[in-house]
Structure formats: structure tokens, C-alpha cells
Amino acid sequence: MNAMRRMWDRFEEYFIVFLLAAMTLVTFVYVIFNNFYTFFYSLGEYYVERSVGVSDFFYGIGDFILDIVQNMTWSVALTKALFAWLIFFGLAYGVRIGGHIGVDALVKLTTRATQRIISIIACLFCLAYAGLLSVASFEWINTLFQAAIGADDLGQFGVKQWHIAMIVPIGFTLVFIRFAEIFVRLIRHQQIGLGLADEAADALKLSETEESKK
């Protein structure tokens with residue numbers, strides 16, 4: 001069980017890295033091609049009076065690259081789809097690592113027992129919210145699946161709208177599972193809060209680190 005848990009945790013990290021790398025690569029290739037054809041057109045203009053053959057050669061390369069750019073309208077749609085997957089997959093990952101910002105300054109002024117009770121109530125609300133959106137988004141995906149509508153600029157590759165949107169129920173289901181794990185730890189007295197990020201504490205640690213270096 002622990003081995004499977006570690007494999008899943010690693011998969012989360014690697015998948016997020018993959019999404020970020022794919023977004024960066026697609027955007028980089030599009031930007032390069034979108035600016036590269038002008039370079040060959042400039043060379044063609046430079047050789048137009050010196051050598052017509054060489055000039056036509058560079059113009060041909062420029063036309064070829066421009067044609068690629070004009071056919072890469074799918075790149076923007078793909079980047080948006082990858083970004084959507086990154087957001088909804090990252091929701092659960094943020095819960096796991098405590099990446100979501102906590103607004104609990106007043107809660108921390110109470111006793112540890114009170115903090116635990118408030119955290120249990122807050123966790124129940126989070127479970128209800130994640131569960132509700134998981135079910136509702138699944139029904140939405142089912143409607144898109146039956147409609148079988150192609151995704152904008154990606155339908156030419158056989159990508160449907162439900163292929164992209166399916167990350168919504170998946171993401172909220174993972175969020176539900178992560179909060180369920182937190183709820184179990186709260187009940188077992190293994191945790192007090194929801195494990196949210198504390199910007200004030202992080203800033204204080206950073207300040208102390210900088211002071212120690214001096």
C-alpha cells in the first residue's frame with residue numbers, strides 16, 4: 001500500500017511537470033515559427049538583386065514556415081487545454097502539499113482542541129463542496145459525451161470537448177480524496193489544521209534565513 005501511495009505521489013509530480021513542459025514546448029515552437037519566416041523573407045529580399053535563384057530559395061523556405069504557422073491554430077487551443085488540466089489536477093496536489101493559502105489567523109488564536117473542531121467542520125464543508133462539484137461535473141461530462149462535439153481547433157485531430165473537460169470531475173474527485181485523508185487524520189488526532197499554507201510563517205522563516213546569512 002505504501003509503495004502504491006509513493007507511486008501515485010510521484011505520478012502527480014511527474015504529470016504536473018509534463019503538463020508544464022508541454023505547454024512551454026508548444027508555445028515556444030509556435031513563437032519561434034511565427035517569427036522565423038520573416039528572417040528568410042529578409043534574406044530573399046537581400047539576394048533579389050544578386051541572385052534570383054538564391055532569393056527564390058529563401059522565399060520558398062519562408063513560405064514553407066509561414067504555411068506551418070498558419071496551420072498551427074491548434075497550438076493556442078492545446079495550450080489552453082493543458083492549462084485547464086494543470087489547474088484542476090493541481091487543485092488536489094495543492095491540498096496534498098499544503099499549497100493553498102490559509103485564512104486562519106483568528107482560528108490560531110483559539111486552543112488546539114478548538115482548532116481541531118473548527119478544522120473538522122471546515123473539512124466537512126470542503127468534502128461536501130468537492131463531492132457536489134464532482135457529481136455535477138460528471139453529469140456535465142456525460143452530456144458532452146453524448147453530444148460528441150469537437151473541441152475548438154482540436155476537432156481535426158479527433159479531440160472532443162469532453163476529452164478536455166473530463167479533468168473537472170477527475171480533479172474534484174481527487175480533491176475529495178485528499179480532504180478525506182485530512183479528515184481521517186483529524187479524527188485520529190494526527191493533525192490539527194487543514195495543513196494550509198501560512199504566508200506569514202514562510203515570510204518569517206525567509207527573514208530569519210537572510211539574517212543568519214548576514
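These numbers were taken from a predicted model, which means no experiment stands behind them.
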| task | Flag yes if more than 12 heavy atoms outside Lys80 fall under 6.0 Å of its NZ atom; otherwise flag no. | result | no
| query | Do Phe33 and Gln70 have side-chain heavy atoms sitting under 4.5 Å apart? | reply | no
| field | Heavy-atom neighbours of Phe28 CZ exceed 12 at 6.0 Å | value | no
| said: With rounding to the nearest 0.5 angstrom, report the CD to CH2 distance, Gln161 to Trp140. | reply: 8.5 Å
| Linked, directly or transitively: Val29 and Val76 (ILVMFWY side chains, under 4.5 Å) | no
| message | How long is the straight-line distance from CD1 of Ile170 back to CG of Leu91, given to the nearest 0.5 Å? | response | 13.0 Å
| Aromatic plane relationship, Phe40 with Phe36 - under 30° parallel, 30 to 60° tilted, over 60° perpendicular | perpendicular
| task | Return yes when atom CG of Asp152 has more than 12 non-hydrogen atoms of other residues, nucleotides or ligands closer than 6.0 Å, and no otherwise. | result | no
| Nearest-0.5 Å distance, CD1 of residue Ile61 to CG of residue Leu66 | 13.5 Å
| field | Value rounded to 0.5 Å, distance of CG in Leu154 from CD in Gln156 | value | 7.5 Å
| message | Less than 4.5 Å apart, side chain to side chain, heavy atoms only: is that true for Leu19 and Phe83? | response | no
| message | Under the side-chain hydrogen bond (donor to acceptor under 3.5 Å, both in side chains) definition, can you give me all pairs with a residue in residues 115-139, not counting sequence neighbours? | response | Arg116-His189
| task | Report the C-alpha separation of Thr79 and Tyr30 in whole Å, then their side-chain angles, then the decisive distance to 0.1 Å, and conclude whether the side chain to side chain contact (heavy atoms under 4.5 Å, CB included) test is met. | result | CA-CA 11 Å; Thr79 303; Tyr30 178 75; over 6 Å; no
| request: Kindly write out the residues that satisfy ring pair (Phe, Tyr, Trp, His ring centres under 6.0 Å) with Phe176, not counting sequence neighbours, or none if the list is empty. | output: none
| query | Just wondering, do Gln191 and Ile182 contact through their side chains at under 4.5 Å, heavy atoms? | reply | yes
| message | Evaluate Asn71 against Asp67 for side chain to side chain contact (heavy atoms under 4.5 Å, CB included), listing each step before the verdict. | response | CA-CA 6 Å; Asn71 291 325; Asp67 185 61; 3.4 Å; yes
| said: Can a donor-acceptor pair be found, under 3.5 Å and without considering hydrogens, that links the side chain of Asn142 to the backbone of Phe138? | reply: no
| message | So, using ring pair (Phe, Tyr, Trp, His ring centres under 6.0 Å) as the criterion, who are the partners of Trp162 when residues are at least two apart? | response | Phe145
| Sub-4.5 Å side-chain heavy-atom contact between Ile164 and Val159 | yes
| query | How close do Leu127 and Ala180 get, heavy atom to heavy atom, and via which atoms? | reply | CD2-N, 3.5 Å
| request: Answer with yes or no whether the hydrophobic clustering places Phe64 together with Val31; edges join I, L, V, M, F, W, Y residues whose side-chain heavy atoms lie under 4.5 Å apart. | output: no
| With a 4.5 Å heavy-atom cut-off, do Leu20 and Ile16 have their side chains touching? | yes
| said: Is there a side-chain contact between Ile120 and Ile187 in this structure, where contact means two heavy atoms from C-beta onward sitting under 4.5 Å apart? | reply: yes
| Taking the hydrophobic residues Ile, Leu, Val, Met, Phe, Trp and Tyr, and joining any pair whose side-chain heavy atoms are under 4.5 Å apart, which ones share a cluster with Val135? | none
| field | Separation of Phe172 CZ from Ile167 CD1 (nearest 0.5 Å) | value | 10.5 Å
| query | Is Val26 linked to Phe157 within one hydrophobic cluster, defined over Ile, Leu, Val, Met, Phe, Trp and Tyr using a side-chain heavy-atom separation of less than 4.5 Å? | reply | yes
| request: List, by chain and number, the other hydrophobic cluster members for Phe125, where Ile, Leu, Val, Met, Phe, Trp and Tyr join if side-chain heavy atoms come within less than 4.5 Å, directly or indirectly. | output: Ile117, Ile121
| message | Hydrophobic clustering (ILVMFWY, side-chain heavy atoms < 4.5 Å, transitive) - are Val17 and Ile87 grouped together? | response | no
| field | salt bridge (charged side-chain N to carboxylate O under 4.0 Å, His left out): pairs with one or both residues in residues 11-22, sequence neighbours excluded | value | Arg10-Glu13, Glu12-Arg96, Glu12-Arg178, Glu13-Arg96
| message | Tell me whether Ile192 shares a hydrophobic cluster with Val95, the cluster being built from Ile, Leu, Val, Met, Phe, Trp, Tyr side chains joined at under 4.5 Å. | response | no
| To the nearest 0.5 Å, how far apart are CZ in Phe15 and CG in Leu86? | 9.0 Å
